[in-house]
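Below: the structure, in structure tokens.
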2 protein chains.
Amino acid sequence: MSLSTRRKSISVQTIRRLPQYLRIFYNFHTYGRELVSSTDLAAETHLLPIVIKKDLQSVGAPSKRRAGFKVAGTIHVIEQFLGWNNLNKAFLVGVGHLGAALLGFDGFKNHGLEIVAAFDTRPEKVGVPVNGVPVYHTAQLTSIIEKENLKIAVLTLPAAAAQGVTDTLTAAGIKAIWNFAPVNLKVPSDVVVQKEDIASGLAELCAKLKSR
Amino acid sequence: MSLSTRRKSISVQTIRRLPQYLRIFYNFHTYGRELVSSTDLAAETHLLPIVIKKDLQSVGAPSKRRAGFKVAGTIHVIEQFLGWNNLNKAFLVGVGHLGAALLGFDGFKNHGLEIVAAFDTRPEKVGVPVNGVPVYHTAQLTSIIEKENLKIAVLTLPAAAAQGVTDTLTAAGIKAIWNFAPVNLKVPSDVVVQKEDIASGLAELCAKLKSR
DNA sequence: AAAATATAGATAACAAAATATCTATACATA
DNA sequence: TATGTATAGATATTTTGTTATCTATATTTT
């Protein structure tokens, strides 16, 4: 066993459930609850108590036997695990419908993300701030990334433009891309890409619906 | 073995990958390609050829040995499987940033979804069509659902309002809800709910980023 | 015509994730 | 004080999903 305690790696599914737990714990916290059991959480989530228990144990949530998980402490370990207790400066490329919607969402600040700039190629978009975020021309990407030392990119642009912009981004040293364009981006191996595909969710819904 | 051939059930993960395959097959189709191998598809997707092969086999995609999967036939079986070859009339509740973004997206017609109405409680939203879709007051939900015989709801409203609206929807006979509000809706067991949580993807990104 | 090759098809092995079961303990109740 | 109970903690089992391997067969190459 090495110095940094070797914990069993946490599953993707667990990670994806963490924000949900966090939301519920915030809620309980505002009501002054100090302990919440996996049974209570199950009632709020449609998840089985045992799934919740294992998830929380895997991130090292503090607990009390027979009583439940400690609210404040669990919030802390989840935020810590996700890195949501300090802000990362991010920017968005593509101020279309979805881009504007994401810019309009203030909740990212609770999720470790601070969108400080946006980019678009369309003249009518450039120079018009959205929800207080300045919109620059895409030609300025490299210079502003460097000036502001930005590390995370949110891509909400048309599929056809995505790879080109991505190449610019990686050349500028971007290390994380949250990609909403329906393309599989090719990036150097040290760049993290998280792809969102809204059609996947719809496919799931349709499949469930058909099997009824 | 029953009359309706009992096929092995298709995994959720496979279902979520189907739209991606579909997109690529459409592409090849427009270029006139008749056969695509799993190796070719792997180059486009970052998935392993064997994953693709199994996915396509599981939906019964037609193929030719040594050559690949038949483009037209595979498109057909995937569309068939997802029910995306005929349109379901849907509506959206909550014309905020995200709701407007979804209304602005015309691609749903290729995904079996036709959004024919939207609802909001805010007077300044009601009566102003978005991308050609009429916006009604939420009070009219039940009557319009019945009049238009709507079956699928898209919820893009604040968490606090979601359960109330859902109760109205289920009472009106809605059978499928695509939920973008960060709440776990309580619904009768015959109602299908597909929950989208944008924070899950962000959590995944942050976790990957931290482990670098 | 024969040999090499790329692929679907089938099956097997492996890994990840979900679920079940059992134990120990703090607390509540009688 | 003794007994019952709800829960975390630990471990085992089952299910689901991924990856590997082997076979058969069309196609291409020699």
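A, B, ... follow the sequence lines: proteins, then strands. Residue 1 opens every chain. Every heavy atom of this structure was used, including side-chain atoms; hydrogens, water molecules and symmetry mates were not.
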Distance in angstrom units between B:Phe69 CZ and C:dT7 P, rounded: 11 Å

Main-chain N/O of B:Val183 paired to B:Asn179 side chain as donor or acceptor, under 3.5 Å: yes

Strand contacts (DNA chain C) in residues 23-43 of chain B, 4.0 angstrom heavy-atom criterion: B:Ser37, B:Ser38, B:Thr39

Rounded distance (Å) that lies between atom P of C:dA18 and atom NE2 of A:His46: 17 Å

Sidechain N-carboxylate O distance under 4.0 Å for B:Arg23, A:Asp197: yes

Parallel, tilted or perpendicular, as decided by the 30° and 60° cut-offs, for the rings of A:Trp178 and A:Phe108: perpendicular

side-chain hydrogen bond (donor to acceptor under 3.5 Å, both in side chains) pairs, two or more places apart, involving residues 202-212 of chain B: A:Arg16-B:Glu204, A:Gln194-B:Glu204, A:Gln194-B:Lys208

B:Asp120 side chain vs B:Gly94 backbone, donor-acceptor pair below 3.5 Å: no

Letter per nucleotide, 5' to 3', of nucleotides 17-30 of chain D [B base touched, S only sugar-phosphate touched, - untouched; heavy atoms, 4.0 Å]: SBBBB--BSBB---

G-U wobble or Watson-Crick pairing nucleotide for D:dT30 (cut-off 3.5 Å, both distances): C:dA1

Separation of atom CG in B:Leu56 from atom P in C:dA10, rounded to whole Å: 14 Å

Phosphate OP1/OP2 of D:dG9: any A:Ser63 side-chain N/O under 4.0 Å: yes

Identified side-chain contact (heavy atoms from CB on, under 4.5 Å) partner of B:Leu98 from the options B:Val154, B:Thr156, B:Ile198, B:Leu157: B:Thr156

Parallel, tilted or perpendicular: ring planes of A:Phe105 versus A:His111, cut at 30 and 60 degrees: tilted

Atom NZ of A:Lys186: over 12 foreign heavy atoms under 6.0 Å: yes

